[in-house]
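For reference, the structure discussed in these notes is given below.
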Amino acid sequence: MSLVRGVVDKLAEDARTVAYTPVEVGRDAVYTARSVARGETSPTEPLKSVGATLGALVVVTLLLFPVYWILMSALSGTGGSIYSSGGLHLLPQDPSLKPFLWVVGDLIVPAYAITVNVPFTNLAVVFNTPELVFLDASAYGVDNPSEFKSFFWNSLTVSIPTVIIAMCLIIPASYALSRREFIFRRKVLFTYVLLTQVGGGLGIALLIGLYAVYVQVGLNNSKLALAVYYAATAVPFNTWLLKTYMDGIPTSYEEAAVVDGAPPWRVVTEVILPLSAAGLATVFIFTFLTGWTEFVVAQTLLGTENYTLPVGLYSLVDEYSIPWARFSAFALVFASPLMLVYLFAQRYIEGGLSFSGMEG
Amino acid sequence: MATVTLDNLRKEFDNGRIVAVDDVSFEVEDGEFVTVVGPSGCGKSTTLRMIAGLESPTSGSIRIGEADVTDVHARHRDVAMVFQNYALYPHKTVRQNMAFGLRMSTDFSKDERNRRVEETAEMMGIEDLLDDKPNELSGGQKQRVALGRAIVREPDLFLFDEPLSNLDAKLRTTMRTEIQRLQNELGITSIYVTHDQEEAMTMGDRLAILKDGILQQVGKPKDVYENPKNAFVGGFVGSPSMNFVEVEATGDGGTVTLSKDGGFDYTLTGDVARRVSESGLQTLRLGVRPEDVTVADTGAGIPTTVDVVEPVGSDNYLHLDVDVDFIARVDSDVEPEVDDTIEITFDQSDVHLFDATTGEALLYESQETELAAQ
Amino acid sequence: MATVTLDNLRKEFDNGRIVAVDDVSFEVEDGEFVTVVGPSGCGKSTTLRMIAGLESPTSGSIRIGEADVTDVHARHRDVAMVFQNYALYPHKTVRQNMAFGLRMSTDFSKDERNRRVEETAEMMGIEDLLDDKPNELSGGQKQRVALGRAIVREPDLFLFDEPLSNLDAKLRTTMRTEIQRLQNELGITSIYVTHDQEEAMTMGDRLAILKDGILQQVGKPKDVYENPKNAFVGGFVGSPSMNFVEVEATGDGGTVTLSKDGGFDYTLTGDVARRVSESGLQTLRLGVRPEDVTVADTGAGIPTTVDVVEPVGSDNYLHLDVDVDFIARVDSDVEPEVDDTIEITFDQSDVHLFDATTGEALLYESQETELAAQ
Amino acid sequence: AGVQEQGEGTEASQSGDGSGDSTASGDADSTTESSGPAGTAKAWYSLPDTEIPLRKEALGMYNEASKHTIEGADISDLRKKTTSAIPANQGPKTFEWAHDFVGDYYQRGFIVDKSDSISVEMDQFTDAAQGAVQFDGATVGLPHSAETVALVYNTEMVDSAPSTVSEMKTVMEEYHDPQNGTYGLGYPFDPYFTSAWAQAFGGYIFDPEEDPQLGVNTDATAKGVKFALDNFAPYMPNDPTYGPQAAAFAEGNAPFAINGPWYLSTLNEKGVDYGVAKLPTPEGGEPNPFTGITMWYFSKAMSEDGPGTQAAMDFIEWYATNEDIALRNAKEQGAIPVLDSIATSDDLPENVQGFSEAVQQGVPMPTHPKMNAVWTPYGDALTKLFNGDMDVKPALDEAAKTIRSNWE
Amino acid sequence: MSTASRVATKVGEVPFLDKDDASLLLVLPGLFVFAAFMLFPVLYLVGISFTNARPANLFAGETALDVLTFGQAEFVGLQNYVSTLSDPAFWNSFGVTWLFVATSVTAKITFSIGVALVVTNERVRGKRFMRSLIILPMGLPAIFTVTVWRGIFSSAEFGLANQILRELGFDSVAWLSQRWMSFLSYNVTEMWLAYPFMVIITVSALQDVPKELHEAAMVDGAGYFSRFLHVTLPSIKRPVLFASILTAAASFQAFLIPFVFNQGGPARSNELLVVYGYREAFTFSQYGEGAAISLLAVLFIGAFMWLNVKKGKLADGVSDS
Ligand SMILES: Nc1ncnc2c1ncn2[C@@H]1O[C@H](COP(=O)(O)OP(=O)(O)OP(=O)(O)O)[C@@H](O)[C@H]1O
Ligand SMILES: Nc1ncnc2c1ncn2[C@@H]1O[C@H](COP(=O)(O)OP(=O)(O)OP(=O)(O)O)[C@@H](O)[C@H]1O
Ligand SMILES: [Mg+2]
Ligand SMILES: [Mg+2]
């Protein structure tokens, strides 16, 4: 619980920081201007800062240009394309939100009849909730919206179990690897580091074998089975990552808790885990990412009704042509939750990927 | 409340390549405040951690009260420990930090816990900080919270591992008195580790001095100061340190003359001289404390040159040419110029004599002997 | 070698919300060793960093030698700085650490650099460590390397930012003398920041005391000790601290009586009494240093109760009931029992009087006045 | 307490829910009579999203009218999915794809011969379509439409379609100006698209009946390839792949494109005014493009008899022979009917007629599994030629060599 | 409270949790699950690599279980390995792969360090916001990103890259039709794909460089470049080295980029190892050989990682250093 509250607090703090940024910038500017006016600061100082900031902005812009490019093609109506033989256009010539509407489709909460039986009587109270229409795509000329919502639901129901299972496997292991000395510890650690990258790209032959096994066990088309698989692939790298992070937590916290009379599991839940927040956030995002973006295995194992977002995205691609606008809009909507998470969790990821503890 | 008994405690690290603590035995009485002092790496923390149960001894045993706790897990020992870096949980508020031990080791209701925490906080003067997070506190406040966290549990035994070493000089003095006051009030048996001999001297009912894992001497601060068992203890306790002069003893019957190249000459008489002769040692190490060195009139003492004059306000420290780092602590109105030649002297009763090779005190009388003699 | 002049130096952080250094002006003479002391957060480091060029002042100017360096980049100032945590380059050997500054700021050939590094290393007694990496060294050795790195460059100015605070007490004393010795030998202008007043007193030719970014007093250690400009300085300098008693002054013509509820009474006479009357202040703060308090015979002094007796070996500290934290430093053979009533007294010449509200010393005479009077 | 949704769900009704095993209900009694119990079958297809509504409609029509139920599903990467699912007995009863899988999948056992149980007349389909669904004497599916590449022209730039290549060249010459973003032609340069020319002068790419079977480096083929290189490549954007080539015409920056019916939806979206005509004739030859026949395959799951198989067969026959559907597909998606009755009908929209005529010009792609090993090396050779890295003959020889070694 | 916490207390009392060796039990579930999903496919692959498996024989048989026993594929011993190792295309692919690893890793590292330096520079305002922005691409699915970059590097005059070149007054380049140009485009794309991760790691490393070290160097008279060389680089070496090893492994297994761009072309000249294996397995339906190639690739990358892990001492944590 306290973890959740911590996250909420941090988010609120971030929001405050963001909200105050303009105020702060303004204050900064006024302060600098005054000091320049008084002749205390040479005017080149603020100029240097402005120059450096502009330079950095240019770098960021260049880096994000492909994303911008995609966004433009998504905005340029259904016939959009990233190929434009008519010259370089930085803005869509005929902007339209239709592709996004097509992706999102209707957002309508249907009317429900809620029946509450009054106990010990035969009476029942029926509430009729109104139909809530947030967005009616057909009103904007989009008649056959994508199945994004069902893909989205499938992706969620794959990714969330993935994260939960992975966390259950990763957290105890990384704690043990970080804090305990036991037989085979170094061997396990070594294997994990070794396996962090080996194993991908093994080709599809492998997949066929895997698929055959799944079918034999009757697990194909099971989102849960897929989640277990993803969790398994996420184990080595993330265990190692979290272990490295935990190494950086001073043992004295733990010792303080032990002396205070805390049993091991309480030490972990009350001290180690809260202090590993950044590491956990990073692992969380990485494992979530596995489930959210994986394509090949999902495509092989799942039936159409269980298609996840990447598979759905790829089904837009035809043998010959790619509907660029829809494809891009789909990908952007697909990526946006992750992007939001990145936006807010950036400093945790930075903290979680900090290998400063690895001095050797 | 409890006594603590250490029996031939030994701790090896690295498969025996490092012997951190070597055969340490001593007893802490109920309600006593014992300070453990020694240079860095001498095994103080290791000893303390064995008592807490955070390390298990290689051999020997530990008793707290009546129970042998050698194999008891730390969390069942009912001790409280204050760490050097405070080890306050950064994600918990002060209140939660303090209540944590109670939550873990007692069945108190939430209200009861809160009541106790608030009581203790009041005692420590941190009642206003209860809802702050540790990183919003200053060093002294953190220290107080760390103490409070230990106190609120009312444990059998307090362990302190250099709890003041991260504070600045002034704050250290204040906190020192505060800890003493608290311990007096609560009367809980305490073991306090420090590398600062002044802290050890002023705070402890008794003092245990460790070196290289070996217990050198245990005793009341004043006894240890006046009657160090060996040159190491003599040099370690007291500030500025005891001055040492390597001397040759030549003597006949009644008197023994201790001399050193460069004009140092000191004559021992009486009982002391007799015991020196009896020991048959040729080379001795003479120890004399800076405050026992006085500037004598010309002709009456040992002539020496002034190297540095260090004023500390209340006194002046004269660095003299007698031997390396030979210091005389004199009144602040005694202000010789650098390179002046002055003469110094000191009482025979203030002289400590040590075997130059083993460092053993020649004149050491264990307290027991003294007591017996009385 | 150079003088350093700070002119109305001011530093704001956070767009003026924090004023770290407020209008500090002083001058360091060529070859002088000035210590800057003050409680944590008073702006010592900030001042030093401005001199080094690591922070640029909000207003005011800095001159090193003849040149105004206010806008000169740190690397062109030819100063050497020793950091609190040493800041040795962890991936370079000791030799490379020491040679780095030479490589960067001089055109010496490799051999020449090596020669100088080896010379300095010898001087510092670290010639055996030259090929070790910093993390293989002990605290004291690191400290020596950090010093060596600064010395080898033979800069115009040495800056030290609490270079000893990470060492243990004994080592601190040793290194203290070593730094003094070196500075004496090399005669390089040095500014030394510390929060330890003892360090500041013993090491500095002169002492600058900061509080909340404002310079309180600059002067020779002894002068500052004996003649503090205000209660803050009086309390800050000296260990144990000066005792303060809040008193009411009532007087007629020749004498002034300072009294406080609970039996404290002290009569001033002569010139001092006159000046107190002239000031017209009712409430004063009386300051007296622990070593100036003596235990008097019955009937001859101010009666008080003994709270705690703290033996530090050479002396005993008596905590007395006169006011909070009132300490008398007495000989170690004066050993009253706790709760005994004793009487104390002190010389009028040892009494410091301060305005109870502003803290200004009533009797303060600036050195210049004194000099003029002579 | 209970919650019940009122009225229609908002989630677009899903394309199928696959949870019901198609054969579970009916396997017990293995009746082969068409009057057997109602069955359920899965049908897989992979369509651009513009074509899905129509397919759903057709499925709805069938399910409404028949006792059987067909569950359609749009599959992404149908090739990979069938390869893994069918051997694991997780495949559908039928799936829709062009006929180029026929040989390979039949040999792999992914699809089965159902010639015995087909109850419709095969000769109501065009000859090409009949040939395409058969392999080694086995009938492995039923065709429902054809596709091939034809000449697409921008009616704003060109009044009527050129009938010869040289006529076409004159126009291309006029418009080709890459510096200003205009081109003569948008034409993906790969084996399938260029087959018309490679096979225009008596050459062939692969023909199991001929000797040698592999024809890529015969002189006649080389001549055709060279013809394409000389006459078209100079007027095209630099990148021979589909996307850029398609873009050039679709954005109105080229008078011509050579492309298939699937291209029309893009053009409609982009709002280009276009016409479709058969390919122009080269001097001394006749364009002879590969055509693709889109068909419903008899997947491995149809090898066992049961209501599910009944259902699948019934549906396939219904779909393949339904003129309404064929016409609608033609009108709305440019699909070329393969029912003789309407293949050349005037009811067909003009554009489809263009494609239809082009189909008449061509030959179906070979279904032989060996063909699989031809596409890539031959395509690589074409890319090299397009880039001007090699001469025609050596490039084709090299490709032939690679193909042969891969056959071994 | 109550039951749950009482159970938890019981668990807490279980003695093994206090014992060190028993901590292995905490690691085993992860290890087991991982092995179950990873080891099996690899073993299967090993099996296939010794047979003449092709789709036709591998899938012959009635049930899916037959697939597991390799259908009717026959044991052919080391033949697949022999033919792979004697195929010049394999060696070309092998060489190009290592070259790609070398160039792309170098590019990724220098580029990311550069970007990281920019977004941590103290003169730059809004650094954190910029850092949040530049890691956004990590959220885009790789297949999509690569497809987009394929478009950017279109050889057509109006591919984005060419348009920009032309805006700058250069001739357009046939990116994907020339061997080294496509190699270059692979590198650029790989760089863009990898930079968010690399930049985050570098930024974290940069933030852990003690400020005093920079100040000490400044006072020692070192300029920006010297400080970078003597202070920054050595301080971020280990984390960056670690990231490089991970990213090197990713480069080694690059598949999507070459495959989507031009199938490792032009004309197989840039066919990276995994693409080569894929093509053998699928285009030519040689599962056995494809498996052998995949395994060889795994072997190489395994050896490479092993060396790095050993050399870089990555398995050592602080706890045992
Ligand atoms: N976990 C360990 N592994 C190996 N050696 C250790 C370990 N802990 C302590 N030591 C060694 O044991 C000796 C005593 O260490 P200890 O920490 O008890 O010293 P200390 O007296 O507390 O020193 P300090 O004043 O520096 O805290 C040292 O030589 C130290 O290097
Ligand atoms: N970069 C900074 N940004 C904001 N405030 C700062 C900064 N550096 C110092 N300060 C503030 O300026 C004041 C003086 O800081 P400074 O570091 O000079 O103190 P100090 O005397 O060196 O203290 P200490 O003994 O703890 O080192 C403090 O209140 C501190 O919080
Ligand atoms: Mg210790
Ligand atoms: Mg400071």
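Side chains included, hydrogens not; waters and symmetry mates left out as well; all remaining heavy atoms used. A note on names: the letters A, B, ... follow the listed sequences, proteins ahead of strands, and every chain is numbered from 1.
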Query raised in the report: Among side-chain atoms of C/T194 and C/E199, is any donor-acceptor pair under 3.5 angstrom?
Result: yes

Short side-chain to backbone donor-acceptor contact, [X] and [Y], under 3.5 Å:
{"X": "C/K229", "Y": "C/V224", "value": "no"}
{"X": "C/R172", "Y": "C/L167", "value": "yes"}
{"X": "B/D161", "Y": "B/F83", "value": "no"}
{"X": "B/K222", "Y": "C/S332", "value": "yes"}
{"X": "C/Q183", "Y": "C/G31", "value": "yes"}
{"X": "B/E335", "Y": "B/N316", "value": "no"}

Query raised in the report: Looking at side-chain heavy atoms only, is the closest gap between C/L286 and C/F346 below 4.5 Å?
Result: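 C/L286 vs C/F346: side chains touch.
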
Query raised in the report: Can you find a heavy atom in the side chain of C/V245 that is under 4.5 Å from one in the side chain of C/V322?
Result: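 Sidechains of C/V322 and C/V245: in contact.
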
**Report entry** Side chain / backbone / both / neither for B/T177 at chain C, heavy atoms under 4.5 Å
**Finding:**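 For B/T177, the side chain is the part near chain C, not the backbone.
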
Requested in this report: Please state whether the rings of B/Y192 and B/F160 are parallel, tilted or perpendicular, taking 30° and 60° as the class boundaries.
Outcome: tilted

Query raised in the report: Between B/T173, B/D315, B/D196, which has the largest tally of heavy atom pairs under 4.5 Å with chain C?
Result: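 Most pairs with chain C among the choices: B/D315.
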
**Report entry** Axial cation check for C/F244 ring with C/R285, 6.0 Å and 45° limits
**Finding:** yes

Query raised in the report: Residue by residue, which of residues 201-208 of chain B have a heavy atom closer than 4.5 Å to a heavy atom belonging to chain C?
Result: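 Interface residues of residues 201-208 of chain B: B/M201, B/T202.
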
Report task. Quick one: closest heavy-atom pair of B/S165 and B/H195, and the distance? Result ->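 Scanning both residues, the minimum pair turns out to be CB-CE1, 4.4 Å.
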
Tell me, for [X] versus chain B, whether the close heavy atoms (under 4.5 Å) come from the side chain, the backbone, both or neither.
{"X": "C/R181", "value": "neither"}
{"X": "C/S40", "value": "both"}
{"X": "C/D307", "value": "neither"}

Query raised in the report: How would you list, in number order, the residues of residues 230-238 of chain C that have a heavy atom less than 4.5 Å from chain B?
Result: C/G235, C/F236, C/G238

